[in-house]
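For the numbers below, each heavy atom of this structure counts, side chains included, while hydrogens, waters and symmetry mates do not. Treat the numbers as computed from the prediction; the structure is a model and nothing was measured.
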Amino acid sequence: MRKKTESAAPVVVIGAGMAGARLAARVPGVTVVGEERHAPYNRVLLADVLAGRYAPDVIALPATEVRRGVRAVRIDRADRLVHCDDGSVLHYGRLVLATGSNPVLPPLRGLGATLPDGVHPFRTLDDALALRAAVRPGARAVVIGGGLLGVSAARALAECGAQVVLAQQSEHLMERQLDPEAAALLRVHLEALGVEVHTECRVRGLRCTTTATGESVRAVQLSDGYELAADLTVLACGVRPRTGLARAAGLDVRKGIVVDDELRTSDPYIHALGDCAEHRSTLYGLAGPALEQADVLAEVLAGRPARYEGTRALTRLTLRSPDPVHALDLAAFGEARPLPGDDVIRLSDATRGAYRTVVLRDGRLAGGVLLGDLGAVAGLARTWQDDEPLPPAMSLLHLLTDDGGH
């Protein structure tokens with residue numbers, strides 16, 4: 001089988017998420033295998049599905065031919081074959097692993113291999129639809145995890161009329177992206193919408209009762225002995241790259257599947273991209289880098305010179321609301337926590353509900369956070385992505401004005 005030409009042996013993509021769908025849209029004749037029953041969709045908009053703003057078909061990505069509901073179970077590198085759970089076997093000239101990531105299930109008492117009734121991860125469209133079907137006005141919902149996903153889920157559940165408690169283990173919300181001041185403003189925004197926020201809050205376990213259909217959650221137990229009553233519990237404790245297939249096939253795996261600047265794994269016929277890929281010791285876990293990797297890999301597979309040198313990713317979050325007054329826009333990039341010797345400038349406008357901070361290091365923009373009015377975000381992002389020394393005439397205040405960077 002190794003003697004087959006590359007043209008006779010197609011490109012096979014395992015994973016029909018945003019990265020896999022993007023690649024398939026740019027490379028003709030690709031075979032995509034996807035576990036989910038849905039067409040590829042925009043995962044960034046799952047909270048909008050949960051809130052009822054969008055139907056599933058609205059967040060679908062441009063049509064891509066996918067073998068839906070099919071799981072790849074084994075890679076035969078010697079003969080370049082992919083074995084699937086439906087009994088089919090696919091031959092590949094190049095294989096692309098776009099297997100994404102799984103939600104992290106925390107080691108909580110009462111949480112076993114089978115989730116109790118009322119306990120939901122929040123990672124896929126099916127997760128969002130299941131939560132949407134389960135939530136009722138007045139339902140008591142506890143969201144465990146105050147990162148980007150947890151904040152989005154809490155906001156959406158509150159919009160559905162649930163009584164929401166958000167439990168965050170670290171000192172403030174969205175600790176990876178926000179500085180303490182920005183996180184405090186985000187907390188005020190959530191609390192104004194009825195979300196009860198607990199930070200520095202360690203969850204110990206779940207209290208469940210046995211029903212006719214199995215175990216059902218009744219409360220979330222905290223390490224100090226306090227209990228949060230819960231009809232619904234959402235696990236938003238982060239994600240972990242899906243590397244099982246790659247590891248079983250003998251590929252180089254660390255935290256993720258190790259790839260070079262052509263997104264090539266330790267096997268020259270196999271590539272990886274998106275959440276499962278580790279490039280230059282970095283795991284991104286964001287849509288922007290995954291799409292950029294797919295674009296680079298499309299060029300590589302077409303035989304054109306292209307290299308992926310990393311992504312300076314900007315995180316954006318829009319907490320929408322039927323009442324525009326209660327909507328909140330947020331953007332974060334780079335390192336928003338200053339180091340000794342950094343220059344920091346902050347602007348806060350209570351009237352406009354705006355907060356902006358940037359960190360300068362050795363004459364370059366190191367990072368920043370914007371809440372509320374994002375008029376300056378495009379210019380700031382360009383300045384940061386260029387990673388060039390700031391012109392002497394460019395003041396710190398100029399960076400934070402609406403026309404900053406223009």
Side-chain angles (χ1 to χ4, degrees), residues 9-49 54-75 80-103 121-130 149 239-246 248-249 251 256-257 259 263 265 270-277 283-298 300-301:
V11 175
V12 174
V13 179
I14 301 176
M18 295 178 70
R22 176 74 158 237
L23 181 67
R26 283 159 170 68
V27 180
V30 168
T31 299
V32 182
V33 176
E35 288 185 31
E36 295 189 57
R37 59 188 175 90
H38 304 283
Y41 55 86
N42 186 342
R43 198 179 302 276
V44 175
L45 299 177
L46 287 180
D48 294 298
V49 173
Y54 296 151
D57 59 330
V58 174
I59 70 168
L61 297 173
T64 299
E65 190 66 31
V66 177
R67 297 185 60 187
R68 302 186 201 176
V70 177
R71 183 169 63 91
V73 295
R74 185 168 66 87
I75 300 168
R80 296 192 219 162
L81 300 174
V82 175
H83 296 261
C84 301
D85 63 352
D86 64 352
S88 62
V89 179
L90 302 173
H91 178 68
Y92 65 86
R94 295 290 184 94
L95 178 64
V96 180
L97 302 178
T99 49
S101 54
N102 283 326
F122 187 52
R123 180 65 181 163
T124 68
L125 181 52
D126 279 336
D127 294 338
L129 293 174
L149 201 60
V239 295
R240 183 176 291 115
R242 296 184 64 181
T243 60
L245 267 178
L251 299 178
I257 305 168
V259 296
L263 288 311
T265 69
I270 302 178
H271 300 261
L273 74 168
D275 287 7
C276 67
L283 289 165
Y284 288 98
L286 296 169
L291 298 179
E292 186 175 336
Q293 289 171 5
D295 291 343
V296 169
L297 184 53
V300 170
L301 294 176

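- No side-chain heavy atom of His38 sits less than 4.5 Å from a side-chain heavy atom of Thr124.
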Decide yes or no on side-chain contact (heavy atoms from CB on, under 4.5 Å) for Ile59 and Val49, but give the supporting numbers first. CA-CA 8 Å; Ile59 70 168; Val49 173; 3.7 Å; yes
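- Among all heavy-atom pairs drawn from Ala249 and Ile75, the shortest one is CB-CB, 4.1 Å.
- Across all non-hydrogen atoms, the minimal contact from Leu273 to Ala294 is CD1-CA, 3.4 Å.
- Of all heavy-atom pairs between Val13 and Gly20, the closest is CG1-CA, 4.0 Å.
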Could you please spell out the steps behind the side-chain contact (heavy atoms from CB on, under 4.5 Å) verdict for Leu23 and Leu301? CA-CA 10 Å; Leu23 181 67; Leu301 294 176; 4.3 Å; yes
Working note: Arg71 + Ile14, criterion side-chain contact (heavy atoms from CB on, under 4.5 Å); need CA distance, chi angles, decisive distance, verdict. CA-CA 8 Å; Arg71 183 169 63 91; Ile14 301 176; over 6 Å; no
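- Take Arg240 and apply the salt bridge (charged side-chain N to carboxylate O under 4.0 Å, His left out) test, not counting sequence neighbours, and it matches no residue.
- Of the N and O atoms on the side chains of Gln293 and Tyr284, not one donor lies less than 3.5 Å from an acceptor on the other residue.
- By the 4.5 Å heavy-atom criterion applied to side chains, Glu65 and Val32 are not counted as neighbours.
- A pairwise comparison of heavy atoms in Val66 and Ala16 identifies CG1-CB, 3.8 Å as the closest pair.
- One side chain, Asp86 or Ser88, offers a donor N or O that lies under 3.5 Å from an acceptor on the other.
- If you take CG on Leu97 and NE2 on His271, they are separated by 10.0 Å, rounding to the nearest 0.5 Å.
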May I have the step-by-step check of side-chain contact (heavy atoms from CB on, under 4.5 Å) for Val58 and Leu45, ending in yes or no? CA-CA 10 Å; Val58 174; Leu45 299 177; over 6 Å; no
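- A heavy-atom distance below 4.5 Å is found between the side chains of His91 and Arg80.
- Among residue pairs with one or both ends in residues 15-35, those qualifying as salt bridge (charged side-chain N to carboxylate O under 4.0 Å, His left out) are Arg22-Asp295, Arg26-Asp295, Glu35-Arg242; sequence neighbours excluded.
- Considering only heavy atoms from C-beta on, Ile270 comes within 4.5 Å of Tyr92 through its side chain.
- Taking every heavy atom of both residues into account, Leu263 and Leu297 meet most closely at CB-CD1, 4.4 Å.
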Pair Arg123-Asp275, salt bridge (Lys or Arg N to Asp or Glu O under 4.0 Å): steps then yes or no: CA-CA 13 Å; Arg123 180 65 181 163; Asp275 287 7; 2.5 Å; yes
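- Rounding to the nearest 0.5 angstrom, the gap separating the CG atom in Leu149 from the CG atom in Leu46 is 8.0 Å.
- Among all heavy-atom pairs drawn from Leu61 and Ala21, the shortest one is CD1-CB, 3.9 Å.
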